[in-house]
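The next block holds one structure in the form of structure tokens; read it before the comments.
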Amino acid sequence: MGHGYTTVMGDIITRWHRQRGENVWYLTGTDEHGQKVLRKAEDNGVSPQEWVDKLVEDEWKPLLATLDIANDDFIRTTEKRHEDGSKAFWQDLFDRDAVYKGSFEGYYSVGAEEFIAEDDVVDGEGDDEGFKVSKIDGTRLEFQTEENYFFRLSDYQQKLLDFYEANPTFIQPESARNEAISFVSRGLRDLSISRSTFDWGIDVPWDDKHVMYVWIEALLNYATAVGYGTEQKRFDEVWPANIHLVGKDIARFHAVIWPAMLMAAGQPVPHQVFAHGWILVGGQKMSKSKANGIRPDEIVDTFGSDAYRYYFARALTFGSDGSISWEDMHARYHAELANGFGNLASRVAAMIGKYFDGTLPAAGTTTVADQMVVDVVSKAVAEADAAIDAVAPQDALTAVWRIVDELNGYITEQAPWKVAKDDPDSDRLATILTTAAEGLRVLAVLLNPVIPKASAVLWDSLGAESALGALADQRIDGVAAWGQLPTGSTITKPSSLFPRIEAAVAE
């Protein structure tokens with residue numbers, strides 16, 4: 001669920017930028033090495049490669065299809081391009097004297113694949129009594145001693161602090177930024193970059209008795225996917241990334257270790273790391289031990305992928321922890337999608353069909369009420385576009401839904417059915433319905449990044465494909481220009497965009 005949340009939000013933001021006409025490249029994938037994976041494979045009686053192959057093919061890739069993700073690439077850290085790029089990166093740092101050999105003695109979290117500083121080690125309680133646990137995430141710790149190679153991370157304490165100050169939006173939201181600054185300010189220790197007690201990983205290029213510590217090669221996937229160490233021309237064209245979207249529990253790796261690695265290699269640092277919060281159920285973080293997990297496919301099977309995407313973008317504040325429930329999904333589905341948006345599209349098309357035989361009429365004189373719709377649309381488009389730049393999809397949808405609410409209120413107040421009865425020969429009825437149809441055109445474009453299936457149906461029902469071209473080719477910066485649907489367009493009543501669901505109860 002957490003992975004799906006990150007990926008859907010990334011997909012929405014990516015699609016929005018594509019709708020602007022920008023050249024966008026969206027990467028997701030899987031980190032597959034490390035001691036945790038090795039032990040899980042052993043527990044299941046298979047090799048690590050067999051285990052990760054099964055997970056990728058049975059779980060991760062199907063999830064992308066389930067959630068309607070339009071990623072440009074999917075990288076696995078067991079791929080040759082990643083292995084070759086990772087070796088090239090660390091060989092370069094070794095040659096730059098940024099790496100040295102030493103020994104490690106201390107606590108390690110297998111669950112988080114992280115070495116834990118002494119001041120973050122505490123005694124466990126409850127089920128963890130008798131164990132040491134990490135104060136950071138509560139995972140059990142093991143005391144380990146082994147020979148490792150180390151990256152001179154301590155050399156980058158002041159460089160990182162200076163970088164954060166010069167680039168105040170590099171880590172967002174503000175809570176993640178403050179946490180990273182606090183962590184670095186406490187002092188940085190050199191970081192182990194290898195393990196020598198197991199072999200499930202990428203060999204250290206200058207010493208095959210060691211494999212790379214999972215995080216220092218997993219972070220490199222962003223660069224190896226675009227050609228670092230294998231396709232230099234491609235890498236130079238694409239790097240650095242505009243944004244990394246991550247869960248807050250791994251923000252420190254991305255905001256501290258990753259930029260230090262890139263600085264050491266003389267490479268540009270990504271423009272931003274944005275850390276989202278946890279998804280809570282009943283006020284608690286989802287976990288297997290609490291039996292409070294919900295699978296994405298359970299939600300999609302009930303509500304559909306569009307509603308899933310809409311709910312997580314609308315109901316949660318990206319960057320903060322957010323609580324979900326079946327009851328809230330059911331309520332929002334009907335109030336906002338079925339009744340608010342879907343019914344609006346159906347009503348407008350039905351009235352154009354009834355009063356104008358399904359042909360969009362020519363609008364007459366614009367009144368104050370009509371102009372109010374135009375003004376609300378223009379302002380909402382600008383606010384939604386700015387919200388995407390601020391990585392606030394929930395605010396973007398709040399702005400877009402003002403158009404939905406404005407159109408519903410406009411139709412209620414203007415009462416086209418009453419106009420058709422009392423003044424059938426005037427052009428007022430045509431003006432009302434063309435205004436509403438134009439509003440729906442705008443909504444189809446703005447909602448295409450969020451609910452692409454329903455948006456495509458709406459676009460088709462407005463006859464917009466033949467008149468204006470493909471929905472994906474419509475641009476955000478021009479969508480608010482009024483009167484784009486030509487007179488005479490064929491309007492058809494769409495199939496129910498969001499049919500009512502009588503019951504939605506988790507088993």
Side-chain angles (χ1 to χ4, degrees), residues 19 21 306 337 340-367 369-378 380-381 384 400 403-420 423-498:
Q19 204 81 54
D306 272 2
L337 292 175
F341 175 58
N343 191 46
L344 169 67
S346 179
R347 291 170 72 198
V348 172
M351 286 188 285
I352 294 175
K354 179 178 181 179
Y355 301 124
F356 296 99
D357 295 323
T359 300
L360 189 69
T365 304
T366 299
T367 68
D370 309 326
Q371 187 60 44
M372 177 66 74
V373 173
V374 177
D375 293 343
V376 167
V377 166
S378 180
V381 170
V400 172
I403 300 175
V404 175
D405 293 339
E406 177 67 22
L407 289 173
N408 277 317
Y410 170 78
I411 290 171
T412 298
E413 291 171 4
Q414 299 305 308
W417 51 89
K418 189 173 185 299
V419 173
D423 195 7
D425 296 327
S426 74
D427 61 10
R428 182 62 196 148
L429 179 60
T431 303
I432 296 169
L433 294 179
T434 55
T435 299
E438 272 292 287
L440 287 173
R441 173 190 60 79
V442 175
L443 286 173
V445 176
L446 294 181
L447 290 172
N448 191 39
V450 184
I451 49 175
K453 291 179 179 176
S455 297
V457 173
L458 176 57
W459 191 250
D460 182 64
S461 78
L462 293 170
E465 184 84 19
S466 58
L468 303 175
L471 178 56
D473 294 336
Q474 309 308 303
R475 297 293 168 248
I476 298 291
D477 62 357
V479 71
W482 212 248
Q484 293 186 40
L485 282 176
T487 299
S489 294
T490 300
I491 309 296
T492 56
K493 185 177 179 180
S495 58
S496 182
L497 298 181
F498 296 96

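Counting from 1, the numbers follow the sequence of the chain as shown.
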Test Met351 against every option in Ile491, Leu429, Ile411 by the side-chain contact (heavy atoms from CB on, under 4.5 Å) rule and name the one that passes.
->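 Answer to the side-chain contact (heavy atoms from CB on, under 4.5 Å) test with Met351 among Ile491, Leu429, Ile411: Ile411.
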Scan Leu447, Val373, Val442 and name whichever one has a side-chain contact (heavy atoms from CB on, under 4.5 Å) with Ile403.
->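 So, applying the side-chain contact (heavy atoms from CB on, under 4.5 Å) to Ile403 and each of Leu447, Val373, Val442, only Val442 qualifies.
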Under 3.5 Å, is there a donor-acceptor pair between the side chain of [X] and the main chain of [Y]?
| X | Y | answer |
| --- | --- | --- |
| Glu438 | Gln484 | yes |
| Gln474 | Gln19 | no |
| Ser378 | Asp375 | no |
| Ser455 | Pro452 | no |

Of the non-hydrogen atoms in [X] and [Y], which two are nearest, and what is the gap between them?
| X | Y | value |
| --- | --- | --- |
| Asp427 | Gly364 | OD2-CA, 3.3 Å |
| Ala437 | Leu485 | O-CD1, 3.6 Å |
| Ser495 | Val457 | OG-CG1, 4.2 Å |

Distance in Å, [X] [atom1] paired with [Y] [atom2], rounded so as to fall on 0.5 Å steps:
| X | Y | atom1 | atom2 | value |
| --- | --- | --- | --- | --- |
| Ile432 | Glu413 | CD1 | CD | 11.0 Å |
| Leu360 | Thr490 | CG | OG1 | 9.5 Å |
| Arg347 | Trp417 | CZ | CH2 | 5.0 Å |
| Asn343 | Asn408 | CG | CG | 7.5 Å |
| Leu471 | Arg441 | CG | CZ | 11.0 Å |
| Leu344 | Leu443 | CG | CG | 7.0 Å |

Sequence neighbours excluded, which residues qualify as salt bridge (Lys or Arg N to Asp or Glu O under 4.0 Å) partners of Asp370?
->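 Result, salt bridge (Lys or Arg N to Asp or Glu O under 4.0 Å) vs Asp370: Arg428.
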Check the pair Ser346, Lys493 against side-chain contact (heavy atoms from CB on, under 4.5 Å), reporting the backbone distance first and the verdict last.
-> CA-CA 6 Å; Ser346 179; Lys493 185 177 179 180; 2.9 Å; yes
